[in-house]
Chemist: 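Sharing a structure here in C-alpha cells format.
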Amino acid sequence: MTEPKMVTCTIDGRTVTAPEGTLLTDAAKMLGIQIPIFCSHHRLKPLGACRICLIEKEKTGKPVIACAEMVAEGAVFHTQSEMALKARKGIMEYLLVNHPLDCPICDEGGECDLQDTSYEHGIGSSRFVEMKRSFDIVDLGPIVVLDRNRCIVCARCVRYCNDIMGDSALTIEERGFHSQINTRDGGELECQQCGNCIEVCPVGALTSRPYRFKARPWDLKQTETVCNFCSNGCTFHLGRREGTLVRARAKKSHGVNRDFLCARGRYGYEFPTSPERLHFPRIRQGGSLQRAEWSDALGQAVRAIQAARSAGKAVTALASARLSNEDLYLLQRLVREVAASPHLDHRLEQRAPLPGPLLKSLAAFPALPVSAIATLGSALVFGEDVNEEQPLYGTSLLREVHYRRMPVVVAHSRRVRLMQEAASGLPYRPGSELAAARGLLKSLAAHQGAAGPAEEVRKMTAGWSWEALASGSGLTEAQFEKAAATLYSGGSRAIYFGSQALRAAEAPDLVRALIDMALVSGASLVPLWDRSNSQGALDMGVLPDLLPGYEAAPAPGWNTAEILRRSASGEVGVLILAGADPLAHFPDRKLAENALRKADFVLSLDLFETDASEMAHVSLPLRSYAESDGSVTNSERRVQALRSAANPVGESEAGWRIFERLATGLGSAWNYADLLALQEEIRARVPLYKVLGRRMGPAATSWALPGASLPGAQPVGEGKAPAAAAAGTLRVESGNSIFHHGMLSQHNKVQLKLLPGPTLFLAAEDAARLRLAEGDLALLEGPGGKVEARVKIGGPSGPGVGFYPDHFAGAEANRLFGPESPFADIKISTLSAAVHS
Amino acid sequence: MVQELLKGLGITFRRMFNKPVTLKYPDEKMPMFPRFRGRHHLQRYDNGLERCVGCKLCAAACPADAIYIESDENRPGHRVSPGERYASTYEINMLRCIFCGYCEEACPEDAIVLGKDYEFATYNREAMIYTKEQLLDGPEKGFGEPYIRSGAKPPSYA
Ligand code: SF4
Ligand code: SF4
Ligand code: SF4
Ligand code: FES
C-alpha cells in the first residue's frame, strides 16, 4: 500500500499533521479539540446537514463545516473565534426552533448530544414565539419508538439503516421545514431491528421500547464487557438498575464494534437475570434432581471421577464455547492432568471437526482486525451468511460495498444479503460447498504466477474437470472465472469463512481448499467461528488433539462424536457437560440421548434447565458471562476482558472455581487466590496469551502464533455431489438467525418478540409451490423427525432453499435434520392456516 | 445560707409573672419560618394531573440517596401526568433525608416541594418510607399555583 500524503494545517494556533483527506473534525480530535457534530458519524459519509460544526477558515471570510472540510496544506482554522461561536450559536437556535423542552421526560436526557451542545453553545433562550411542529409519538415495532417532535433531521438514522445495515427501512418525507422521518411504508419497521438508529440518533427522537423509562443514565451502574453471542466480540456497557440488567449500549470510543450492536447483542441482556436461571446445585435422588449442598454435589462428582478411573473407564468433557478462557483452560487441565484423560471437545455442531494440524495451519495466518475491512481491496466470503450470523463483519463489508464498490465475492447456498449486493456471487447448491470451493480454487490458481504454492495448487487443480465441478456445485466455469477476477481486482484481499463451511460434512477438505485459495491469492484467511469464545476454546486446547497454544497432544483423545459414541456403548465413566448441551446441538440427537443415558455419571454445569441437565446425575448452577470476570477471544484473536455486571444468581459459581474445587477434591494442590493468579498461570503456560491480564482493555491486541510461517499448499480431496431435492419437498438448512443466537436467547423476552418460536423461512416461489402462506403453522417432516413451525416468507431463505433457525428447545434442528448432512429435504404440510385480520 | 435561699426564691417569684417561653406542644405549635423545610409534597396541576414526570433528577441531586423512583408511560385511558412519562413509584426515606431541599431545587416541574410538617414520629422504620400516595397532595389541598419558596417566581405553563 502506498503511504498517504501528509498535510499540515493549523487549528486554534496549533499545527497538526494528518494524512490527506482527513476531515477537520478528526484532525481537531488529534489535538484534543472537540468540534460539536450531529449529522456526521464515523461510519457514514459526510453529509453536512446540520451545520453545527461550523468553524472559521482564514482567508475565506466565511465559516466552513468541519465535518466535510478536509485538511489542506497551510490552511488556518479557528474553532473558538467570534465568527465560529456566533455561527454555532445561530445554528443552535435554529435547531431548537422545533425541539421541545422535554428533557426530563426524554430517555436520551443525560446522554444527549443536543442537550450537551445546547448547554455549551446555546444562548439559553429563544427568540421564536411561533408554535412548534407537533406530531404523535409512534411505535415503529417492538424496538423503536419515534418522536418526530424531537427530530433535528440530521438523517443519521436513515443513512445508517441504508448504507450500513442495508435495510433502507427509514426515509425522510417531505422537504425543507416539513421534513420528517418515517418508515418506508409508514407502518412498522421491517428490518433487522438492530436498534442502531436509536444509538446514532443525536437526540431522543428514536428511543428504545424495551428500555423506555426504565432508568436514567445516571442511575445505571454501567459495566463494560463483551457480548456473549457471536464471535465478533462486540464490546458493550451493560446497565444495571436495582439488580436487573436493563440495557446494553455500545460506546463509540470502545471496542472493535465502536457504537455498533446487532439486535441480539443490544437486547440479549435479559437472560442473565432471568427468573428461570438455575440457583442451586442438584443431585439425582430417586429419579429426579433435588436441591443439594455444594459440598455434597461436588463430593458425588469427585467420587464418580475416582470410580471411573479405578474402573478404567474414560473421563470425558464437552464444553460450551461461550465459557471464558479461564474456565476452558482449567477444564482442560482438570481433564488432562487430574483425570489423566485426553477426551474433550467443544465442537458440538460440526459434523466433521477440523483436525488439529489444520487448526494450527489456520492459526499460522496472521490475525486481521475487523477494522481492516475499511482498507481491504477485495474480499471473499465463503459459506457464511455474514449479515445474519456475524453482523459486525457483515455490516462492515456492506458499508464498503456501498461506499466504494469494494469487489466482494460471496459463496453461499442461499442468496444472502451480501450476495445480493456483491460484485460476484457463487450460489452453490446446498451441500456442494466443496465442489464450489474446488471450482473457485481452480480459477484462482489459473491466474497466478508459476512459483510457490500457486504452482503446486495449479498442478493439483489442473486435473479437475470443469464439468464435474460445475455439475457438482450447480455453478458454471464462467461464474468461477468472474469470482476469481473479482477477487483479484483489489489490492489487499481477505477470505472469510464461517458456519456453513465449518458445519459441512466435508469441512476439513473445504478448509484446505480455503487455505490454498488464501495462499494462491495472497489473501488473509479469517475463520468466523460460531460462538463468542470459540477462538479461545481452540487456543486453550479444549480439543482432543491440541494442547493449549496449538501444541500437538501426545496421545489424541476422542472428539465430540467419538465421546458420545463411546458413551452410548458404555465406555464412559464420567461425562462433564460444561455449559454444553449435546441434545440440543449435536447433529445426532438419538446418539446424544443414548450417550447421556449410558454414561455412568453425567455432571452438568449450566445456566438453565436443559434437556441434558435434566438427564444429569449432578447439575451445578453456572454463572453467566454477565456475572463473571475473565476473558474471551474473538475471531480477530483479540483477547478481551469480561467484567461482571450483575450480582451472581443464587448459589451459582464461576466455571473455573468449580473445576478448581473438583481438582482439589481429587487430591490436586490447586489453589488460585483469585482470577489474576489463574491468568498469570495461563500467561506463563500459553505464550500466545501474554496479553492476558490486569491491563487488558478495549485496546487489547490480537495474538500471533510465535514463529509461525504460512502453511504449504494443502491437498484437497474430492467431495460427493449432493442428490437433487426429492419431489414435493423443500431443501432446508439451519443456522443462527439475526434475532437469536444458540439456545440462550430464548430466555430473552425482547428477542422472542422478534422471532417468537420455531420458524421456517422460505422464498415466495417455494411457498406458492408448496401452497403455504405467511403465518401458517406447518408440520415439517425430515429424516430426523417432525417439528411444527410458523411459515415466514423471505428472510434468510433463497429460491429452492429454506432456512430453519435453530434456537428453540423442543424444536431443535437436530429433531428435524438427520445426522448425515446439515441440510435436509423436508416435507411440509399445513396444520392450520394463518388467521388474517 | 438563708440569704442565698431568699435570693433564689426571689428569682422564682419574679419569673412567676413573666410569659412562658415554651409551647405546650402538641396542643400548641411554633409558627415556622418561611424558609423552613419540612416533609415533602408532590404537587398537581389545576386539572388534577401530577406535576412529577418521573425524571429522577431529584433522586440524582439527593445527597442522602433518600429518593427512589420508578417511571412508567402514560397510556390512553391512563394519564397521570402531562407528557409521556410519570412516576409509578415515588418513595422518600425520611430517615435518610437531611431536608437540604436539593430535590426541590433540582425538580424541573416544581413537583416535589418541602412543606412545613415535621411530625414524623412512628413506631417502625418502614413507616418512615413515605410512598407516593402519602406524598401526593390530594384535591383537599387544592390544586393550582405550585408552592414556590419565597423569592422565586412560579414559571408559567401556558
Ligand atoms: S430521528 Fe434522530 S437520527 Fe434520525 S434524523 Fe431525526 S435526529 Fe437524526
Ligand atoms: S451477537 Fe455478535 S455482532 Fe451482535 S452484538 Fe454480539 S458480538 Fe456483536
Ligand atoms: S431534602 Fe435533600 S436529603 Fe431530603 S430527599 Fe430532598 S435532596 Fe434528599
Ligand atoms: S456535523 Fe457537520 S454539518 Fe452536521
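Note that this is a predicted model, so its numbers are computed, not measured. Chain letters run A, B, ... following the sequence lines, proteins first and then strands; every chain starts at 1.
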Chemist: Check the surroundings of atom CD in A:E190: do more than 12 heavy atoms from other residues, nucleotides or ligands lie under 6.0 Å from it?
Modeler: no
Chemist: Which heavy atom in A:D219 sits nearest to a heavy atom in B:K56, and how many Å separate them?
Modeler: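 Nearest heavy atoms, A:D219 then B:K56: OD2-CD, 3.2 Å.
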Chemist: Near A:K221 NZ, under 6.0 Å, is it more than 12 heavy atoms from other residues, nucleotides or ligands?
Modeler: no
Chemist: Between A:R212 and B:D72, does any side-chain N to carboxylate O distance fall below 4.0 Å?
Modeler: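 No, A:R212 and B:D72 are not salt-bridged.
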Chemist: Counting only heavy atoms closer than 4.5 Å, note whether B:Y68 contacts chain A via side chain, backbone, both or neither.
Modeler: side chain
Chemist: Would you say that more than 12 heavy atoms from the other residues, nucleotides or ligands in this model lie under 6.0 Å from the CD of B:Q3, or not?
Modeler: no
Chemist: Could you tell me whether the side chain of A:F213 reaches within less than 4.5 Å of the side chain of B:E70, counting heavy atoms only?
Modeler: no
Chemist: So, taking the atom named CD1 in A:I105 and the one named OG in B:S71, what distance separates them when rounded to the nearest 0.5 Å?
Modeler: 10.5 Å
Chemist: With a 4.5 Å limit on heavy-atom distance, are the side chains of A:D102 and B:R85 in contact?
Modeler: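 When only atoms from C-beta onward are counted, B:R85 and A:D102 do not touch, as no gap falls below 4.5 Å.
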Chemist: Count the heavy atoms of every other residue, nucleotide or ligand shown that sit under 6.0 Å from CG of A:D136, and state whether that count exceeds 12.
Modeler: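 Count not over threshold, so no.
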Chemist: Give a yes or no on whether A:K132 atom NZ has more than 12 heavy-atom contacts from other residues, nucleotides or ligands under 6.0 Å away.
Modeler: yes
Chemist: Taking atom CD of B:E105 as the centre, does the number of heavy atoms from other residues, nucleotides or ligands within less than 6.0 Å exceed 12?
Modeler: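 Count not over threshold, so no.
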Chemist: For B:L57, is there any backbone N or O sitting under 3.5 Å from a side-chain donor or acceptor partner on A:R216?
Modeler: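 No, because the side chain of A:R216 does not come within donor-acceptor range (under 3.5 Å) of the backbone of B:L57.
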Chemist: When you check the gap from the basic side-chain N to the acidic O, do A:K214 and B:E73 get nearer than 4.0 Å?
Modeler: no
Chemist: Based on non-hydrogen pairs under 4.5 Å, which of B:G54, B:S88, B:A60 is most in contact with chain A?
Modeler: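 Answer, by heavy-atom pair count under 4.5 Å with chain A: B:A60.
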Chemist: Between B:C55 and A:P104, which heavy-atom pair has the shortest distance, and what is it?
Modeler: CB-O, 3.0 Å
Chemist: Check whether more than 12 heavy atoms from other residues, nucleotides or ligands sit under 6.0 Å from atom NZ of A:K252, and answer yes or no.
Modeler: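 Atom NZ in A:K252 is not packed in, count stays at 12 or less.
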